[in-house]
*Asks:* 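Dropping a structure here in structure tokens format, bear with me for questions.
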Number of protein chains: 2
Amino acid sequence: MNFLNCPLFQGVTQTEIEKMMDCFNGKAESFAEGKTIISYAENSDSIGVLLDGVAVVRRIGRNGDLSVQELLVKNGLFGEVFCFGAAKDTVEVVAVEKCTVVFIDKMWITRPCANACGCHLQIIQNLYFLLSEKVQRLSEKVELLSKRSIRQKLLYFFHRQCAQEGTDTFLMPFPFSSLAEYVNADRSAMMRELKKMREDGLVRINGRSVTLLQRDREEE
Amino acid sequence: MNFLNCPLFQGVTQTEIEKMMDCFNGKAESFAEGKTIISYAENSDSIGVLLDGVAVVRRIGRNGDLSVQELLVKNGLFGEVFCFGAAKDTVEVVAVEKCTVVFIDKMWITRPCANACGCHLQIIQNLYFLLSEKVQRLSEKVELLSKRSIRQKLLYFFHRQCAQEGTDTFLMPFPFSSLAEYVNADRSAMMRELKKMREDGLVRINGRSVTLLQRDREEE
DNA sequence: CTCCGATTGTTGCAAATGCAACAGACCTTT
DNA sequence: AAAGGTCTGTTGCATTTGCAACAATCGGAG
């Protein structure tokens, strides 16, 4: 098992991690496709690391409505949110393909362990960092979704990509069809708007390369 | 200064807190209306507790676009998110009215202090808990905003309220006009939809009391 | 090369939504 | 009682968007 690329263990050496595994008696478990890895209802008592495979986090409301909350891939972390904050409804982590998982007991996180691992604090800090990142991602998405029109949503997204790159041009990280999902709009409607924006001289699009043409301000 | 109602210090006694204040040399500072309490750019080095007053957290993009991220009231916490996760753009906390604030250095949070306060860990845990809650609130909002129609957004909101209460009736916690903002729709459009929903026998509305009439399923 | 699937691009039409404008209800203050 | 504010409720109209259906392009597999 290689933990080095796992964000949760950033800054901790492989040997330290393996030593630590005793503390929270962590052993890798396997789950076949379709199996429920863990279910957070009331009794949420551990978080987990997905060492291999793909899984989804899905929320099940009391009324049976179901929604996919997150997609987990190799090295992904799950349960960090539901372990402490008491979720109102059930959250399940389900294997989409064969998965290998290590669970870490919640208790281990909240107290120094008997062995007084030096890296204990490091991991708590990592956890904190990962949560912060998640909050920021979500805030950003809320802001995007709060834009009233497709055009505003697109501009918001484009500006953000550009800011990240530092230039006024960027390469789409995924196909336009996925962008439509992301901004929560119908694909054809989005394409139509994209065309108008091109005609209005707001953007230039070449394949997956998008260039923002400065001259627009005040999209409040 | 009374810290007892402050979520960050939950589970810690008043005397302990005051003793702790030495550790992170926390002293209350005052800010007049309109003043910037703190600005998180690169150099984010402390979180803060709003002991009194009202403030807003706002994000300023590189392009100058500004958006209010959060409203802080008495006992509110700020900076927990930006302190560690490196924000891409600047975040400011600004006093809306006269504010009293205590800052806690980031260092104090990440390491055990010299005095080895017993409650240190408790506070880190509280912080973690608060972050989890925030993630859940945001996830919920993303889910709501991802509904394609006003009707679906309203149903989602109503179901959620009912689930919380445990009944099929609940009292609106704020005026309908605010609900419109929350679901990110035009108020009149929302009222129109609300009327249709009443006509379709989905809900019954009496003043601020809303009753969900079961018979609907599959709003996917 | 050829076929196939995924992606991009387009269009007509119906439905949903935003916008503006207004009226009545209710509450508090003067 | 009168006045002013906020909240609720309504409606016409223009615009935006979703939906369905289809054409064109591209890239890889055989």
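Only a predicted model underlies this, so the values are computations on that prediction, with no experimental measurement involved. All chains are named by letter (A, B, ...) in the order of the sequence lines, taking the proteins before the strands, and each is independently numbered beginning at 1.
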*Asks:* Write down the protein N/O and nucleotide N/O pairs, taken from nucleotides 7-10 of chain D, whose separation is under 3.5 Å; answer none if there are no such pairs.
*Replies:*
| unit_1 | atom_1 | unit_2 | atom_2 | d |
| --- | --- | --- | --- | --- |
| dT8(D) | OP1 | F176(B) | N | 3.4 |
| dT8(D) | OP1 | R208(B) | NE | 3.4 |
| dT8(D) | OP2 | F176(B) | N | 2.9 |
| dT8(D) | OP2 | S177(B) | N | 3.2 |
| dG9(D) | N7 | R187(B) | NH1 | 3.1 |
| dG9(D) | O6 | R187(B) | NH2 | 2.9 |

*Asks:* Quickly, which of K134(A), R59(A), R58(A) forms a salt bridge (charged side-chain N to carboxylate O under 4.0 Å, His left out) with E70(A)? Name it, please.
*Replies:*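 Of the listed options, the one satisfying the test is K134(A).
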*Asks:* Using 30° and 60° as the class limits, which term best fits the ring planes of Y182(B) and F174(B): parallel, tilted or perpendicular?
*Replies:*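 It falls in the tilted class, 30° to 60°.
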*Asks:* According to the interplanar angle, ranging from 0 to 90°, do the rings of Y40(A) and F82(A) count as parallel (below 30°), tilted (30 to 60°) or perpendicular (above 60°)?
*Replies:*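 Taking F82(A) first and then Y40(A), their aromatic rings sit tilted (interplane angle of 30° to 60°).
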*Asks:* Figure out the CG/P separation between N184(B) and dT17(D), and round it to whole Å.
*Replies:*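 Checked: the CG to P distance equals 12 Å.
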*Asks:* Side chains of E18(B) and Q14(B): is there a donor and an acceptor less than 3.5 Å apart?
*Replies:*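 Yes, because at least one side-chain N or O of E18(B) sits under 3.5 Å from a partner of the opposite role on Q14(B).
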*Asks:* More than 12 heavy atoms of other residues, nucleotides or ligands under 6.0 Å from CZ of R198(B): is that the case?
*Replies:*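 Atom CZ in R198(B) is crowded, with more than 12 foreign heavy atoms closer than 6.0 Å.
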*Asks:* Distance only, no hydrogens: is a donor on one side chain within 3.5 Å (strictly under) of an acceptor on the other, for T13(B) and T15(B)?
*Replies:*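 Yes, side-chain donor-acceptor contact under 3.5 Å.
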*Asks:* First contact, last contact: which nucleotides of DNA chain C are these for chain B, 5' to 3', heavy-atom distance under 4.0 Å?
*Replies:*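 Listed 5' to 3', the contact boundaries are dT17(C) to dA20(C).
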*Asks:* How bent is the helix from dC1(C)-dG30(D) to dT30(C)-dA1(D), measuring the angle between the end axes built from five pairs each, rounded to 10°?
*Replies:*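 Roughly 40°, once rounded to the nearest ten degrees.
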*Asks:* Keeping N126(B) on the side-chain end and Q10(B) on the backbone end, is there a donor-acceptor pair under 3.5 Å?
*Replies:*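 Here the side-chain-to-backbone pair exists.
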*Asks:* Salt-bridge test for E29(B) and K35(B): reply yes if a basic N is under 4.0 Å from a carboxylate O, no otherwise.
*Replies:*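 Salt bridge flag = no for K35(B) with E29(B).
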*Asks:* Angle between ring planes, F170(A) versus F158(A), binned at 30° and 60°: parallel, tilted or perpendicular?
*Replies:*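 Tilted, since the angle between the ring planes falls between 30° and 60°.
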*Asks:* More 5' along DNA chain C: R148(A) or K196(B), using each one's nearest nucleotide?
*Replies:*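 Final value for this comparison: K196(B).
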*Asks:* I'd like to know if the side chain of D200(B) and the backbone of L202(B) have a donor-acceptor N/O pair within less than 3.5 Å.
*Replies:*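 Side chain of D200(B) to backbone of L202(B): no pair is present.
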